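Read through the structure below, which is laid out as structure tokens, and then see the notes.
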Amino acid sequence: MIDYLSKLNKQQYEAATTIEGPLLILAGAGSGKTGTMTHRIAYMVKDCNISPYSILAVTFTNKAAKEMRERVENLVGNIQGMWIQTFHSCCLRILRMDGDRLGYGNNFVVYDPVDQKSIVKNLCKERNLDEKRFAPAYVLSEISKAKEAEISPEAYARRKGGLEQFQVIYQLYDAYEKQLKKNNAMDFDDLILNTVRLFEMDEEVLLKYQNRFKYIMVDEYQDTNMLQYKLIKMLGEAHGNVCVVGDDDQSIYQWRGADIRNILEFEKDFKGAKVVKLEENYRSTGNIIAAAHSVISRNTQRKDKKLWTRAEDGEKIEYYRAESDYDEARYVADKIKELMRKNESLKYSDFAILYRTNVQSRRFEECFGKKGMPYQVLSGLRFFDRKEIKDLMCYMRLVDNPKDDVSLLRVINEPKRGVGAKTVESIQAVAKTTEMSMLEAMTLPEVMDGLSAKASQAVGEFAALINSLAIEKDNMSVADVYDTLLVRSGYVKALEEQDTVENESRIENLLEFKSVIEEKAKDAENAGEVLTLASFMESLALVADVDNHNPDEEAVVLMTMHSAKGLEFPVVFMPGMETGIFPSYRSIDREDGIEEERRLCYVGMTRAKQRLFMTSAETRMLYGKTDFTTESQFLKEIDRKYMTGNAVYEKKNQGMSQARYSPVTTYSKGTYVSPIAQLEAVRKAAAPPKETLAKSDVQPGDLVEHVKFGKGTVIELKGNIVTVMFEEFGVKKMARDMAPLKKL
DNA sequence: GACATATCTAAAGCC
DNA sequence: TAGATATGTC
């Protein structure tokens, strides 16, 4: 009678039709998790007469939220009033509506990690702190950890005791919080933390949301942290209709603060919880599932469950021990060609190479490039983290809010316009005494008079550009503001002047960004609105995924196992199965570290639908040094029955490489010298003397030779830069800084 | 202030 | 090795 549910298996059906009370859905890899969740929502609306308005579904990524929204819409049609959101966007919405009680203006801005870093950097500079001991990344991770545990700066100071190190961090944490408050800004952690605070402080607000969201669903529950757990707990307490979906075996983000106890102890936290296990896998062959199980079952901290499949056993997993990292890449490339020859239905995009660290992509890129095989690398760097995008966003943010000193600092000398540290300091000093924003302060005579002609002109033009746009912004489209900034800031011109491949791609990215603006403008138009600069900035605050994996592109996919979570490919390669790489050397001395690596291995293996290949290399170049390697323990953990290949790992492996993973700490004259620095020093002493080439010695077209890079051709001379293209790099790369060059 | 050179360091990345 | 950042030089 309910035909849209007829495609579900028994467990899926049970999960989708259990609506009242706490429910834990343990959804194994490839078990039809998203389908079950969307059908559950459809069932609520269509068969239980639950208003979409009462439903809250929370995910971690925009992509997941978008996919869920689309699939639910397909099933039930209009879902107006339903919240399908990421944790952060959900909290942002709540805080915009009801956050005034916390003392923030409701137009607060959201600072991303780049902003956070620049604030901490400035705080360190003001205090003249050692930038090694108090690296921004370290300070921020302490701050973030504290916030996730709801530890205030004062509590942090008390808890960490009197150690000077932590006293300083306390001071920074405290100053950081004050600055954010002063700037009317929140960071990502604050979005969750402040929502929890709001609920704790104002019962009325909490009640409002408890009454509204009578049915709550949480995706990827194994990835929640303490604060997110608390948020859900508070919202769900009144009615207990909390359904969480996840897989403890796929918890691979503990290093990012995820607390696996949330899923392991759900039944304790939510009394009377029902548990449904989705254990039938619809993705992979029998051998792949069995092999993956033989690995993951070694973990001690996990819920008891076992994936199974009706599919055939399929081919065994193939293992190849390559001679070197070069040979490893060659093997993979040849294998892909061979498989495509044998099976005409296979396309390049059916193959994925899933590695542990991003640097591993390099060998594959070189090899694929040489063989003319198409590939796409999904790197860790997100579109909106790219420098040029971030720069332009800061320009726009500054126009939108001229008081935003954080953004101003970022772009005041970007592109280089002759406004250096000295000038910036003098502006900051005046801004502080007059309590003005830097933009206001920079045109005052007391600043201008102290500047050189060049600097004062640059400062004047910069201020005029921002101020005029700030006045005109409401009469202009966002795209026009953007174009004006691109041109009048001189940003594009600066990129064009230095004609390198990198800059070309920067310009491409800036164009891509414009199409993002135009897209948003169109969306707004369709909704009968006009896109304002403010709403555009707002919509970007929590968005990051413009360059996600594009399955339609005819290319082999290269990415980390982390980013492959949730995806699937007919053929998967897992290279670098070596101790130190996978499992990572940073994790091998802790059992919980190894367990997380093992889960990652499980995630990688279960991405494969038909074929799975694992490889390792006897020698690998790492950090500029070639070393012998030891095979990963995970290879040994796979039951022999499911695997073939030239495995040599049963032989005793002489642990030649062990030394490099347990670096010796050496102290000389009280200063620490890292082992890598020591090696570098030795190598440098042994290096041949440099032959320096003056710019006047060559002209474009000349053949030159570099000690390390080999032969190349001079492309151009500009300023003091000699740009040489080296044969070995092909057309793709150019190099600068060519001091040790010999003319041929 | 801008560019050149030296030095250091190296995991994964959601919002 | 290669990128990011600190330091040095013009």
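All values below come from the heavy atoms of this structure, side chains included, with hydrogens, waters and symmetry mates left out. Convention: sequence-line order gives letters A, B, ...; per-chain numbering from 1. Remember, it's a predicted structure, so these values are computed and weren't measured experimentally.
- If you check every strand for non-hydrogen atoms under 4.0 Å, A:Lys416 touches sugar and phosphate atoms only.
- Across all strands, A:Phe188 comes closer than 4.0 Å to base atoms (heavy-atom distances).
- Heavy atoms of A:Gln85 sit nowhere under 4.0 angstrom from any nucleic acid atom.
- Contacts between residues 558-565 of chain A and DNA chain B, defined by a heavy-atom separation under 4.0 Å, are made by A:Thr560, A:His562, A:Ser563.
- The salt bridge (Lys or Arg N to Asp or Glu O under 4.0 Å) analysis of residues 137-146 of chain A, with sequence neighbours excluded, yields the pairs A:Glu142-A:Lys145, A:Glu142-A:Lys160.
- Using a 4.0 Å heavy-atom cutoff across all strands shown, A:Asp112 reaches no nucleic acid atom at all.
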Report all interatomic pairs (protein N or O, nucleotide N or O of nucleotides 5-8 of chain C) with separations under 3.5 Å.
| from | atom 1 | to | atom 2 | distance (Å) |
| --- | --- | --- | --- | --- |
| C:dA6 | OP1 | A:Glu131 | OE1 | 2.9 |

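- Residue contacts shown for A:Asn413 are limited to sugar-phosphate atoms, with no base heavy atom under 4.0 Å away.
- For A:Thr59, there are no side chain to side chain donor-acceptor pair (under 3.5 Å) partners at least two apart in sequence or on another chain.
- Residues passing the side chain to side chain contact (heavy atoms under 4.5 Å, CB included) test with A:Ala185 are A:Val109, A:Tyr111, A:Leu180, A:Asn183, sequence neighbours excluded.
- Across C:dA4 and B:dG13, the matching P atoms stand 16 Å from one another, rounded to whole Å.
- Here salt bridge (Lys or Arg N to Asp or Glu O under 4.0 Å) pairs that include residues 113-124 of chain A, with residues two or more places apart or in two chains, are A:Asp115-A:Lys390, A:Asp115-A:Arg397.
- Residue A:Val110 is classed as having no contact, given no heavy-atom separation below 4.0 Å to the nucleic acid.
- For the C1' atoms, the distance from C:dA6 to B:dA11 is 25 Å, rounded to whole Å.
- Residue-level contact check: A:Ser584 touches the bases, meaning some heavy atom is under 4.0 Å from a base atom.
- Across the protein-nucleic acid pair, A:Glu148 atom CD and B:dC15 atom P stand 15 Å apart, rounded to whole Å.
- At the heavy-atom level, A:Ala421 lies under 4.0 Å from the strands shown only through sugar-phosphate atoms.
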